[in-house]
2 protein chains.
Amino acid sequence: MPEIKLQHILTMVQLLSKGARHNFIEVTTADLGKNIGRSQQAASKHLLDLETAGYIERVRRGQKFAVRVTDKGNTEIQSLFASLKSALESAPAAIDFEGSVVSGMGEGAYYMSLEGYKKQFLEKLGYEPYPGTLNVRLTDQVYMNARRELGRHPSIFLEGFSDGTRTYGWVKCYRASINDGAMENAAVLVLERTHYDDSMLEVIAPVSIKDATGIKNGDRIKVQVRIDNSHGHHQMP
Amino acid sequence: MPEIKLQHILTMVQLLSKGARHNFIEVTTADLGKNIGRSQQAASKHLLDLETAGYIERVRRGQKFAVRVTDKGNTEIQSLFASLKSALESAPAAIDFEGSVVSGMGEGAYYMSLEGYKKQFLEKLGYEPYPGTLNVRLTDQVYMNARRELGRHPSIFLEGFSDGTRTYGWVKCYRASINDGAMENAAVLVLERTHYDDSMLEVIAPVSIKDATGIKNGDRIKVQVRIDNSHGHHQMP
DNA sequence: ATTACTAAAGGACGAGTAA
DNA sequence: TTTACTCGTCCTTTAGTAA
C-alpha cells in the first residue's frame, strides 16, 4: 500500500520531527545527512526525490531551502506507519504445538490434588483443575525446541510450598486452547521439579479433557499456548 | 540506534505478522517475495542476510524452511519501530508566524463586543476576550502561505448568528502563544467575512496583549499557533 | 516444487567539485 | 556556505538456472 521508498523513511521522519508538518523549516542537506546517517549528497538526493514525488515542498530562502512535508507526504508516512503498526500488533501471540495423547495421568493427578497448589490454581487461574493432566508427546523437533523455551515466557506463577514433610516446586501456567478451539480454557504446565523431558506437554482444564472433547490416547492433538506479549518480558525466577 | 537494514523491514514485519515471533512458520521464498513486493530471489537473499545477522533462525523441513524471529530480531524491529513512533509523536504540532504589530484595533473590538460571539468565546475558548484584536502584519511569503491555509486545520468553531438586522459569519479560533511563551493563552482568529488579506493575523487574549507584554505598534512579534493533530483532520465548513 | 547460485542490470551512495 | 551535478563503487534486485 505505501508507495514511499524505504530509504526515504528516515528523511521524512526526521523532517516531521523537526516540525516540517506545518512549517517550512530550514535544514541544510549536510545536517540532514548527519541525522539520517548518510552523506550530504544522499540527503540532497532524498530531498530531490521526495520533492519530485510530491511528498515535500521547498522554497528557496537565500542560499538554503526551507522544507515542508505536504499532506500527501504526511499521509504516506502515516499510512506506512499505521500498516506496520497493525501488522506488528496483529501478530499472533501464541505458540503452537502438535503431538499425540499418551497415558500417564497418575503423577499429574497427585500434584493437582495438593491443597498448596489447588488454592493457587483457583486464585490465579480461576478454576480448580480436573484432577489429572493430559500428557501430550510432541512429534517434531521444532515443537520440542519450543517446549524447552516455554518457561521463558511470562506465566501465571504458582509458588512452591512445603507440607512439613517435603517441599514442592513452583509451577508456571500458560493458558491454552485445544484443537483449534474445541476447548478454550485449558492450561499448559511447566514444573520446576518434574523434568520429564522436552517432548512432553502437560495440559490441565477445569474438566476432563478426554471426556469433554472425546480425545483418546494415541490421538493427534493440537495445543495452542497463548503468550502475554504486553511489553516487559523475561521475569524471574 | 537500530542496526537493521531498511530493506529488511518489510520482510521482518511480514514474518512477525505471520506469527514467526513464537513459532517456526513455513514460508516459501516465493510467497514471501510476493508479500513484500519483490522477487523470490530477493526474499531468499533477505532470509540469508537476516539469518547471518542473527535476526531469524531457520530449520530445514524437507525441502522448505521453517523460520522464526529471534529475540534479537524482535528487539531490533521493536526498537526501530519505537524510535520512529516517538519521533513522529514528538513532532511539534504548531504553526509559527512572524510579523510586526500594526494599529487597527477598531473593527476587531466591535466584533468581540457582540453578545452572539462573547457567549461562545466564554463557552468554547474559556474566557471573554479583551475587546480588541492585535493585528500582526506578516513579513514573509512563507507565513502568508501558512496564513492562507490556516483555516483548513481543526479549530474551535464559533457559529455565525443574526441579530435581526444583519448576519455575522462564523469564526475559527486557534489557541496560540506569543513571543516564545511571553503569553500562552492567546488565540488567532480566522473570520468568514472580514477577508482582510493573507498577510494579516488577528490575535485575541483575555487581557490586552499590548499591556500585558509591553509590545507596541511596529514591534516584531512571534505568534505560535497550536494545531490539534489528534487524527481526523479537515472538517466543515 | 523449493532454495539459492551466478551474472547482469538497476539503484543508492559517497567523493570530488561546480555553481 | 550551500545545493546538486558527475562518476565510480558498492549494494540490491532480477532473470536464468542448478541442485
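Protein chains get the first letters and strands the later ones, always in sequence-line order, with residue 1 at the start of each. Fair warning: this is a prediction, and the values are worked out from it, not measured in the lab. Heavy atoms only: backbone and side chains are in, while hydrogens, waters and symmetry mates are out.
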Practice item. Please list, chain by chain and in numerical order, all residues satisfying side chain to side chain donor-acceptor pair (under 3.5 Å) with T139(A), sequence neighbours excluded. Key: R220(A)
Review point. Got a sec, which residues hit side chain to side chain donor-acceptor pair (under 3.5 Å) with D140(A), two or more places apart in sequence or on another chain?
Key: R61(B)
**Study point:** Partner set under side chain to side chain donor-acceptor pair (under 3.5 Å) for E51(A), not counting sequence neighbours
**Key:** R58(A)
Study note, to complete from the structure: Those residues at least two apart in sequence (or on a different chain) that pass salt bridge (charged side-chain N to carboxylate O under 4.0 Å, His left out) with K5(B) are none
Study note, to complete from the structure: Residues of residues 25-32 of chain A with a heavy atom under 4.0 Å from any atom of DNA chain D, listed by number, are V27(A), T28(A), T29(A)
Check your understanding: Below 4.0 angstrom from OP1 or OP2 of dT13(D), is there any side-chain N or O of H46(B)?
Key -> yes
Practice item. Would you check if there is a donor-acceptor pair between the side chains of R137(A) and S100(A) at a distance under 3.5 Å? Key: no
Practice item. May I ask you to decide whether E184(A) forms a salt bridge with R226(A), counting only side-chain N to carboxylate O separations under 4.0 Å? Key: yes
Revision key, fill the gap. From the list I9(A), L16(A), L15(A), T11(A), side-chain contact (heavy atoms from CB on, under 4.5 Å) partner of V13(A) resolves to I9(A)
**Study point:** Intra- and interstrand pairs of DNA chain D - dot-bracket, Watson-Crick/G-U under 3.5 Å, | marks other strand
**Key:** .||||||||||||||||||
Review point. Going 5' to 3' along DNA chain C, which nucleotides are the first and last within contact of chain B (any atom under 4.0 Å from a heavy atom)?
Key: dA1(C) to dC5(C)
**Study point:** Sub-4.5 Å side-chain heavy-atom contact between V136(A) and F97(A)
**Key:** no
Review point. Have T70(A) and E57(A) got a donor and an acceptor in their side chains that come within less than 3.5 Å?
Key: no
Practice item. Mind checking A42(B) for me? I need base, sugar-phosphate or nothing, with any heavy atom below 4.0 Å counting as a touch. Key: base
Check your understanding: When you check the side-chain N and O atoms of N23(A) and K18(A), is any donor under 3.5 Å from an acceptor?
Key -> no
Check your understanding: Separation of D49(A) atom CG from dT3(D) atom C1', in whole Å?
Key -> 14 Å
Exercise for review: May I have all residue pairs that pass ring pair (Phe, Tyr, Trp, His ring centres under 6.0 Å) and include part of residues 35-85 of chain A, sequence neighbours excluded?
Suggested key: H8(A)-H46(A), F81(A)-F81(B)
**Study point:** Partner set under salt bridge (charged side-chain N to carboxylate O under 4.0 Å, His left out) for K34(B), not counting sequence neighbours
**Key:** none
**Study point:** Flag for Q141(A)-N145(A): side-chain donor and acceptor within less than 3.5 Å
**Key:** yes
Point to revise | Side-chain heavy atoms of L125(A) within contact of R175(A), under 4.5 Å | key: yes
Practice item. For DNA chain D, find the residues of residues 58-66 of chain B with a heavy-atom distance under 4.0 Å and give them by number; none if there aren't any. Key: none
Check your understanding: With sugar-phosphate meaning primed atoms plus P, OP1 and OP2, does H8(B) contact a base, only sugar-phosphate, or nothing at under 4.0 Å between heavy atoms?
Key -> nothing
Revision key, fill the gap. Protein heavy-atom contacts under 4.0 Å, written 5' to 3' over nucleotides 5-11 of chain D as B (base), S (sugar-phosphate only) or - (none), form the string B------
Point to revise | Pairing residues for Q7(A) by the side chain to side chain donor-acceptor pair (under 3.5 Å) criterion, not counting sequence neighbours | key: none
